[in-house]
Visitor: 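The structure's right below; bear with me while I get my questions together.
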2 protein chains.
Amino acid sequence: MKSELKKLKEAGFKLTPQRRAILEVLRSSGIHMSVDEIHEKVKKKCPQAGLATTYRTLDLFRGLGLVTNINLGEGHKHYELRRKNHYHLVCLGCGNVTEFRPSISNEIERELSGDCGFKVIDYHVEFYGYCSKCLEKGEN
Amino acid sequence: MKSELKKLKEAGFKLTPQRRAILEVLRSSGIHMSVDEIHEKVKKKCPQAGLATTYRTLDLFRGLGLVTNINLGEGHKHYELRRKNHYHLVCLGCGNVTEFRPSISNEIERELSGDCGFKVIDYHVEFYGYCSKCLEKGEN
DNA sequence: TTAATTGCAAACTCTTTGCAGATAA
DNA sequence: TTATCTGCAAAGAGTTTGCAATTAA
């Protein structure tokens, strides 16, 4: 059994088709999605699935540390499977969101714990700017 | 005239009492606030000020680059005067949000532009964890 | 004088909740 | 069998918008 399902079960929750479908959707699309996007994809597997269940399930998953929700400045939440050590690059030109794994992220954590006594559990990092394609095209 | 008002005027916008009040509120409280918090403080200076105006003004300011809005995982936006080079440390124990100016932030920008050809304009960085006080108290 | 701005209220969007029926264990 | 979970619909919270009146320039 894949690790997320295992965690769910171990925490005493039922493995319903809806929960399996939501996990599959999150897995199949590596990148973050809005609740609506997730729900649309879930309905292809579970046509009767309700939006409220998607909200409830994502919140349950977040509580278990299976997913994180991120903010892209829009008016709604985005969720993705939790993976450590990735930053988002949001292009102000084309709107694309890509990922970035900086080689120095460990140094930041070290600096944090040293200077501030702050123990890092998780982080959300979003850089806004222009991707190489948009830089080539335009005059940014 | 302070620089934010100057920018507003230069961009062709009127300097209304409401806009001045919102700027003053943002300046007086260094840290981020929710729209509601901002509006409550604005009403002390402009009792008749409407909430919609606060929303419109903050969005106008954001468009001009005067403020940035950040996300703390709650269901509403937070705004603050735009200042470069600061990261948020969100304590999962006491909920306090403090700031952090990492000495290596320039290196990240350099790595970004080198490896990815991505030109950084702005960023939001939030680290979640436990502050020194909570670490002393608890067993985290 | 006049185009920009405002307050109000209504509309809209996203999210949460209550509840009766359905279902995994 | 039974406590958990679901779908539905209604409620709630935050945000945006239309419009007539007001106001900065």
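Because the structure is a prediction, the values reported are computed rather than measured. Reminder, nothing fancy here: chain letters follow the sequence lines and each chain counts from 1.
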Visitor: Taking it one step at a time, do A:Q48 and A:Q18 satisfy side chain to side chain contact (heavy atoms under 4.5 Å, CB included)?
Guide: CA-CA 9 Å; A:Q48 84 290 3; A:Q18 292 87 339; 4.1 Å; yes
Visitor: Rounded to the nearest angstrom, tell me the gap between atom CG in B:L58 and atom P in D:dG14.
Guide: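 Taking CG of B:L58 and P of D:dG14, I get 15 Å after rounding.
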Visitor: Checking B:E4 against B:L81 for the side chain to side chain contact (heavy atoms under 4.5 Å, CB included) test, could you report, in this order, the C-alpha distance in whole Å, the side-chain angles of both residues, the deciding distance, and whether it holds?
Guide: CA-CA 9 Å; B:E4 287 94 355; B:L81 277 188; 3.8 Å; yes
Visitor: Step by step, would you call B:V25 with B:H39 a side chain to side chain contact (heavy atoms under 4.5 Å, CB included)?
Guide: CA-CA 9 Å; B:V25 166; B:H39 185 241; over 6 Å; no
Visitor: Counting only side-chain N and O atoms of A:Q48, is one of them less than 4.0 Å from OP1 or OP2 of D:dC8?
Guide: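 No, outside the criterion.
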Visitor: Check the distance between D:dC5's C1' and A:K9's NZ and give it to me in whole angstrom.
Guide: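 Those two atoms, NZ and C1', are 16 Å apart.
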Visitor: Quick check: closest heavy atoms across B:A21 and B:C46, and the distance to 0.1 Å?
Guide: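 Heavy-atom minimum between the residues: CB-SG, 4.1 Å.
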Visitor: Looking at A:K43 and A:E40, does any basic side-chain N land under 4.0 Å from a carboxylate oxygen?
Guide: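 Yes, A:K43 and A:E40 are salt-bridged.
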Visitor: Would you say the side chain of B:E80 lies within less than 4.5 Å of the side chain of B:T68, judging by non-hydrogen atoms?
Guide: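 Yes, at least one pair of side-chain atoms sits under 4.5 Å.
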Visitor: Between B:R19 and D:dA24, is there a side-chain N or O to OP1/OP2 distance below 4.0 Å?
Guide: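 For D:dA24, neither OP1 nor OP2 has a side-chain N or O of B:R19 closer than 4.0 Å.
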Visitor: Separation of B:Q18 atom CD from C:dA4 atom C1', in whole Å?
Guide: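 After rounding, the gap between these two atoms is 12 Å.
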Visitor: So, are B:R56 and B:D59 salt-bridged, with charged N and O less than 4.0 Å apart?
Guide: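 Salt bridge flag = no for B:D59 with B:R56.
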Visitor: What does nucleotides 12-21 of chain C look like as a protein-contact string, B for base, S for sugar-phosphate only, - for none, at under 4.0 angstrom between heavy atoms?
Guide: --SBBBB---
Visitor: Identify the residue among B:L51, B:T57, B:T54, B:V67 that makes a side-chain contact (heavy atoms from CB on, under 4.5 Å) with B:I38.
Guide: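 Going through B:L51, B:T57, B:T54, B:V67 one by one, the side-chain contact (heavy atoms from CB on, under 4.5 Å) with B:I38 is satisfied by B:T54 alone.
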Visitor: Could you write out each protein N or O paired with an N or O of nucleotides 22-24 of chain C at a distance under 3.5 Å?
Guide:
residue, atom, partner, partner atom, Å
C:dA24, N3, A:K14, NZ, 3.1

Visitor: Checking side chain to side chain contact (heavy atoms under 4.5 Å, CB included) for the pair A:L58/A:N69: CA distance, chi angles, key distance, verdict?
Guide: CA-CA 9 Å; A:L58 288 169; A:N69 71 330; over 6 Å; no
Visitor: Might you list the N or O atoms of the protein lying below 3.5 Å from N or O atoms in nucleotides 20-22 of chain D, with each pair's distance?
Guide:
none

Visitor: Please examine the side chains of B:F61 and B:L8, heavy atoms only from C-beta on, and report whether any two atoms are closer than 4.5 Å.
Guide: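 They are in side-chain contact.
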Visitor: Using whole Å, report how far CD of B:E10 lies from C1' of D:dA25.
Guide: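 So the two atoms are 16 Å apart, to the nearest Å.
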Visitor: Closest approach of A:F13 and A:R19, non-hydrogen atoms and distance?
Guide: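 That would be CB-NH1, 3.7 Å.
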Visitor: Please report, rounded to the nearest Å, how far the P atom of D:dC8 is from the NE2 atom of A:H39.
Guide: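 In whole Å, D:dC8 P and A:H39 NE2 are 9 Å from each other.
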